[in-house]
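Below is one structure, written out as structure tokens, with a few remarks after it.
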Amino acid sequence: MIQPTINIEPTDAERELILRYANADVRQIAFKLRPSDNVRPQYVLQQIAGQAAIRSKVPSWRRYSNLIFPVHLSVEQCSSEATARYKAKLVERLKGREKTGQLVDLTGGFGVDFSFMSEHFEQSTYIELNAELSQIVKHNINAIGVSNAKVVATDGVVFLHELTSKVSCLFIDPARRSQSGAKTVLLSDCTPDLTQLEEQMVSKADFAIAKLSPMLDVSAALSELHHVAEVHAVAVGNECKELLIVMQTNAPCEPTIFAAADERIFSFTLSEEKNAPSHLTNSIERYLYEPSASVLKVGAFKTIAARFELKKLHQSSHLYTSNTLHTNFPGRLFEVLSVGTLHTLPPTMQGVKKANIATRNFPLRPEEIRKRLKLSDGGVDYIFGTTLSDNKKAIIHCKKL
């Protein structure tokens, strides 16, 4: 099917407005714009909003002044540069450093993941059903210098069905919104349904990677899919952003699970977690350890303690302690100053007016503790409300390392 040509380029008048209001709040300038023969107000606002979003999401793209941006949802849902670079390193490890083979992205989107991963392949193909979005991405990948890419405006599932030769990597990012616009989490509720495509994907690629919701239950995904070689929970700034599933025909009986926290990666297996010893304590030692969001997401609660020889404060608290400092721990590290309760505060808190407050397995929310202790937010002091192994409620005053 021949796709219609859509005018994605700005007119001279639109370009002038985009430059003039490049750093403005689109809500404040929306009423200033009027449609004319040379100006599409919604298009201008779309470009200004897209530029603002990409400055923080994909910092390395700031230097390209001629990028074009699609509707806000496509930019909102695209990967950040940090997670895209993680995928690029992942495909490099899986296929080797030599720039060979072919990447096929079945659900293109705004193309951030595609642009970073394609650097490791001799050929790369971007598939996107939306004709306008595919034209925009074609323009952008040329602008940023991706020379080995082909853009195809078609249905990724149809493309997969018609694919006759095996490729190195198939990448898929199923849409996680229902027809009404509500967010979905279950594999079967996403479009396309990965459970229906898995067999075909692994038969037509050396390996396939699926980007899934960070809210998806890992155990549920493993029960629904049959060729999982690896699972990756990727956290940025202590927030789990993505769940990646690597699928292969020769996948091992038990996949390796990776918890990535910025530059630190912790790997384990579910059997290792099941068999790991658990040492609980109600005595808080010199250092306090809070696992990253990715470690918590994949449930490495006992393995993380065994690997770093830590004691856990409570079965459900997910905070750990030790007299030894492990600087390579995948998470946040704190030096404990003193310990108390809400009724008998830690002695080192005397005079503290500002603190960062977090709770783990504690009856009060951080804002309730802040209100009770009359503390403002921020500063260098950290306070944890948690439960110890003897079920006593503790307030831990510490400094971040």
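Along the sequence shown, residues are numbered consecutively beginning with 1.
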Does a side chain donor of either [X] or [Y] reach within less than 3.5 Å of an acceptor in the other side chain?
X      : Y      : value
Thr195 : Asp193 : yes
Ser168 : Lys95  : no
Gln200 : His161 : yes
Thr125 : Gln102 : yes
Thr321 : Glu285 : no
Glu122 : Thr100 : no
Glu254 : Ser271 : yes
Ser267 : Thr256 : no
His318 : Asn361 : no
His314 : Asn391 : yes
Glu81  : Ser60  : yes

A side-chain contact here means heavy atoms from C-beta on lying under 4.5 Å apart; do [X] and [Y] qualify?
X      : Y      : answer
Pro277 : His279 : yes
His232 : Leu90  : yes
Leu67  : Ile144 : yes

So how far is it from Leu313 CG to Ile396 CD1, rounded to the nearest 0.5 Å? 5.5 Å
Enter the distance from Leu194:CG to Asp173:CG here, rounded to the nearest 0.5 Å. 11.0 Å
For [X] against [Y], the heavy-atom pair lying closest together:
X      : Y      : result
Pro70  : Phe110 : CD-CE1, 3.3 Å
Ser79  : Lys211 : OG-NZ, 2.7 Å
Ile395 : Gly385 : CD1-CA, 4.0 Å
Thr83  : Lys241 : CG2-CB, 4.1 Å
Thr11  : Asn38  : OG1-O, 2.5 Å

Salt bridge (charged side-chain N to carboxylate O under 4.0 Å, His left out) partner of Glu290, chosen from Lys400, Lys312, Arg332: Arg332
Looking at [X], I'd like to know if its [atom1] atom is crowded, meaning that more than 12 non-hydrogen atoms belonging to other residues, nucleotides or ligands lie closer than 6.0 Å.
X      : atom1 : answer
Lys297 : NZ    : yes
Asn250 : CG    : yes
Lys89  : NZ    : no
Lys166 : NZ    : yes
Lys399 : NZ    : yes

Could you check whether [X] pairs with [Y] (Lys NZ or Arg NE/NH1/NH2 to Asp/Glu carboxylate O, under 4.0 Å)?
X      : Y      : result
Arg93  : Glu230 : yes
Glu16  : Arg20  : yes
Lys302 : Glu272 : no
Lys99  : Glu119 : no

Is there a side-chain contact (heavy atoms from CB on, under 4.5 Å) between Ile383 and Asn356 once you walk through the steps? CA-CA 6 Å; Ile383 294 170; Asn356 304 276; over 6 Å; no
Say whether, by atom type as modelled, one donor and one acceptor occur between the side chain of Ser317 and the main chain of Thr387 under 3.5 angstrom. yes
For Glu368 and Arg372, run salt bridge (charged side-chain N to carboxylate O under 4.0 Å, His left out): C-alpha distance rounded to whole Å, both residues' side-chain angles, the deciding distance at 0.1 Å, then the answer. CA-CA 6 Å; Glu368 293 175 309; Arg372 182 177 294 194; over 6 Å; no
Would Arg370 and Asp377 count as a salt bridge (charged side-chain N to carboxylate O under 4.0 Å, His left out) here? Give the steps. CA-CA 8 Å; Arg370 180 171 289 109; Asp377 190 25; 3.0 Å; yes
Would you call the rings of His326 and Tyr289 parallel, tilted or perpendicular if under 30° counts as parallel and over 60° as perpendicular? tilted
Specify whether Phe329 and Tyr320 have parallel, tilted or perpendicular ring planes, treating 30° as the upper limit for parallel and 60° as the lower limit for perpendicular. tilted
Taking Thr386 as the fixed residue, which of Leu288, Leu319, Thr359 is the one that meets the side chain to side chain contact (heavy atoms under 4.5 Å, CB included) rule? Leu319
Tell me, with the steps shown, if Phe334 and Phe384 meet ring pair (Phe, Tyr, Trp, His ring centres under 6.0 Å). CA-CA 11 Å; Phe334 301 87; Phe384 282 89; 5.0 Å; yes
